[in-house]
Number of protein chains: 2
Amino acid sequence: MSSIVKILVVDDDPDIIEILRYNLSLAGYQVKTASNGKEAVKKAKLFLPEIILLDIMMPEMDGIEACTQIKLLPSLKKTIIIFLSARSEDFTQIAAFDAGGDDYITKPVKPKILLRKIRSVVKRLHSDIDENTKIELGNIIIDRNEYLVKIDNNNINLPRKEFELFFLLASRSGKVFTRDEIMNKVWGTNVIVGDRTIDVHIRKLREKIGDLRFKTVKGVGYKFVQ
Amino acid sequence: MSSIVKILVVDDDPDIIEILRYNLSLAGYQVKTASNGKEAVKKAKLFLPEIILLDIMMPEMDGIEACTQIKLLPSLKKTIIIFLSARSEDFTQIAAFDAGGDDYITKPVKPKILLRKIRSVVKRLHSDIDENTKIELGNIIIDRNEYLVKIDNNNINLPRKEFELFFLLASRSGKVFTRDEIMNKVWGTNVIVGDRTIDVHIRKLREKIGDLRFKTVKGVGYKFVQ
DNA sequence: AATTTAATCAAAACCTTATTAAAATACTTT
DNA sequence: AAAGTATTTTAATAAGGTTTTGATTAAATT
């Protein structure tokens, strides 16, 4: 469902490209780059990024123009464009919004701000996901919105990882989740932890939710049964 | 509910003031004027306009600065500020949005455009009035209009940030707000403050509103519970 | 029976939040 | 403009919970 988020970074300054690429890659995004508007449009068509970071002042074709063109392409209509602009630029940057830009970041770009902005954009993108925010199975309610688990109306406190794991297993009760799947979904692809970690979390869940509900399928994985 | 809409027009050019005043009055709005930023802030405080048309380049205090100051006043927080700017102005107009501006019109101002914009703003004003303005949860009342919190009929004074944070959490009681969400909604995406800042504000709220009402969900965020 | 995989447990490592007090900012009042 | 007051942010440390590991034991599979 939510694959890796693709970001196209466009700037004519290689240093800035590098800074952005570094920070974004580290944060787990898939990054491609372009160094002018023309190239940006071309690469955007192929790469189909969810987000484009677009410098305004560039040779060949400026960011505003590129933005306008990109926004005209059906396949990129939903792409979110964030402008990069130097505070001092003598430029009607308001045009950026006219052109269909969604947000902007002023240079120098602070990594923290950048990443927060991206995160919030990504969340906006995936916001229809949190429709699936509540699972009800008989006497069990798992509400991700409130981070709450209720069994027969008794609240059960689950720490974060346990909750995520439970939520995952319960999201398709009966289905066997392999250890790999669990790893990827709960821990993400960027961390490495030993195998015992999953076992221990399953054990905690068994203690709190009920021994019989978490079935081990040896050699394969675990499943939640009602 | 919808009394006459008050508009404050700010420009250093008397001719422009007159044009705007004429058109707006004719359309049925109540208009006051100021000719520089300083005067604008002063008059805004008294007049409490719903809308301010604000020139950017002015003597004494420019429009950006005035906007910033106005937006900081609780009583004018909801005021919509529309900037007037010459398209040719050598100016970082993005600063206008940083300062909290809501829209802009380029000079020369065309009456039709102006009035259309005003009408759409007025519509916006009247549509989300009451919507996001007052929260009542049992014995707690949070009124954003008046920046007021009442518990069992006792007024509680919350400074700006604490109020915003409280308002956010209470707007969906039960829901866990992540730190990112809180940051974005209360502090905005263009400032960076450390993580402890949120903690400290939560602590203040716990002191003033009640310890048990703000639940920490470790690793996730905070929620307000009734 | 040998091998592989999972369960259990407690200790260690790790992280996140709470709490202060002090510093920095912003706002008022004179 | 200056002094005083309130608010917001930071920094450092304490407190507490969560997560992971590693050793050992148990169970299933071949």
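Throughout, protein chains are lettered first and strands after them, A, B, ... in sequence-line order, and every chain is numbered starting at 1. Values below: all heavy atoms of this structure, side chains included; hydrogens, waters and symmetry mates excluded. The structure presented is a predicted model; accordingly, all values stated were derived computationally and were not measured.
- For the atom pair CD1 of A:I141 and CD1 of A:I156, the computed distance is 11.5 Å after rounding to the nearest 0.5 Å.
- A:K215 has its NZ atom 11 Å from the P atom of C:dA7, to the nearest Å.
- If you measure from atom CD1 of B:I202 to atom C1' of C:dT20, you get 17 Å, rounded to the nearest angstrom.
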Output one line per pair: protein atom, nucleotide atom from nucleotides 26-28 of chain D, and distance, for all N/O pairs under 3.5 Å.
{"from": "D:dA27", "atom 1": "N3", "to": "A:K218", "atom 2": "NZ", "distance (Å)": "3.0"}
{"from": "D:dA28", "atom 1": "O4'", "to": "A:K218", "atom 2": "NZ", "distance (Å)": "3.4"}

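- For A:T197, the side-chain contact (heavy atoms from CB on, under 4.5 Å) test picks out A:W187, A:V193, A:H201, with sequence neighbours left out.
- The side-chain heavy atoms of A:I7 and A:P49, taken from C-beta on, include no pair separated by under 4.5 Å.
- Checked against the 6.0 Å centroid criterion, the rings of A:Y147 and A:F163 qualify as a close aromatic pair.
- Among residues at least two apart or in separate chains, side-chain hydrogen bond (donor to acceptor under 3.5 Å, both in side chains) pairs with a member in residues 209-218 of chain B are B:R206-B:T216.
- Between the CD1 atom of B:I70 and the P atom of C:dA26 there is a distance of 17 Å, rounded to whole Å.
- In terms of phosphate contacts, A:T216 brings no side-chain nitrogen or oxygen within less than 4.0 Å of OP1 or OP2 of C:dT5.
- Rounded to an integer number of Å, the gap from NZ of B:K42 to C1' of C:dT28 is 15 Å.
- The OG atom of B:S35 sits 6.5 Å away from the CD1 atom of B:I17 when rounded to the nearest 0.5 Å.
- Applying the salt bridge (charged side-chain N to carboxylate O under 4.0 Å, His left out) test to residues at least two apart or on different chains, the pairs with a partner in residues 152-171 of chain A are A:R144-A:E164, A:E162-A:K208.
- Under the 6.0 Å distance and 45° angle rule, B:K45 does not count as a cation-pi partner of B:F47.
- Here the C1' atom of nucleotide C:dA18 and the CZ atom of B:F214 are 15 Å apart, to the nearest Å.
- At the phosphate of C:dA18, OP1 or OP2 sits under 4.0 Å from a side-chain N or O atom of B:Y222.
- Sorted by first and then second residue, the pairs that involve residues 16-27 of chain A and meet salt bridge (charged side-chain N to carboxylate O under 4.0 Å, His left out), not counting sequence neighbours, are A:E18-A:R21.
- Between A:F224 and A:F166, the ring centre distance stays below 6.0 Å.
- Comparing B:K45 and B:E207 by the nucleotide of DNA chain C that holds the closest heavy atom to each, the one mapping nearer the 5' end is B:E207.
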Item to complete: Mark up nucleotides 4-10 of chain D, 5' to 3', with B wherever a protein heavy atom is under 4.0 angstrom from a base atom, S wherever such an atom reaches only the sugar-phosphate, and - elsewhere.
Response: ---SBBB
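- Less than 4.0 Å separates DNA chain C from at least one heavy atom of each of the following residues of residues 171-186 of chain B: B:R179.
- In the helix from C:dA1-D:dT30 to C:dT30-D:dA1, the rotation axis of the first five pairs and that of the last five pairs differ in direction by 40°, rounded to 10 degrees.
- With sequence neighbours left out, the side-chain contact (heavy atoms from CB on, under 4.5 Å) criterion links B:N155 to B:L148, B:K150.
- Not counting sequence neighbours, the partners of A:L114 by the side-chain contact (heavy atoms from CB on, under 4.5 Å) test are A:L20, A:N23, A:L24, A:L53, A:I105, A:V109, A:I118.
- In this structure, the side-chain hydrogen bond (donor to acceptor under 3.5 Å, both in side chains) partners of B:D199, at least two apart in sequence or on a different chain, are B:R179, B:R196.
- For the pair B:D199 CG and D:dA15 C1', the interatomic distance rounds to 13 Å; values are reported in whole Å.
- In this structure A:K223 satisfies the salt bridge (charged side-chain N to carboxylate O under 4.0 Å, His left out) test with no other residue, sequence neighbours excluded.
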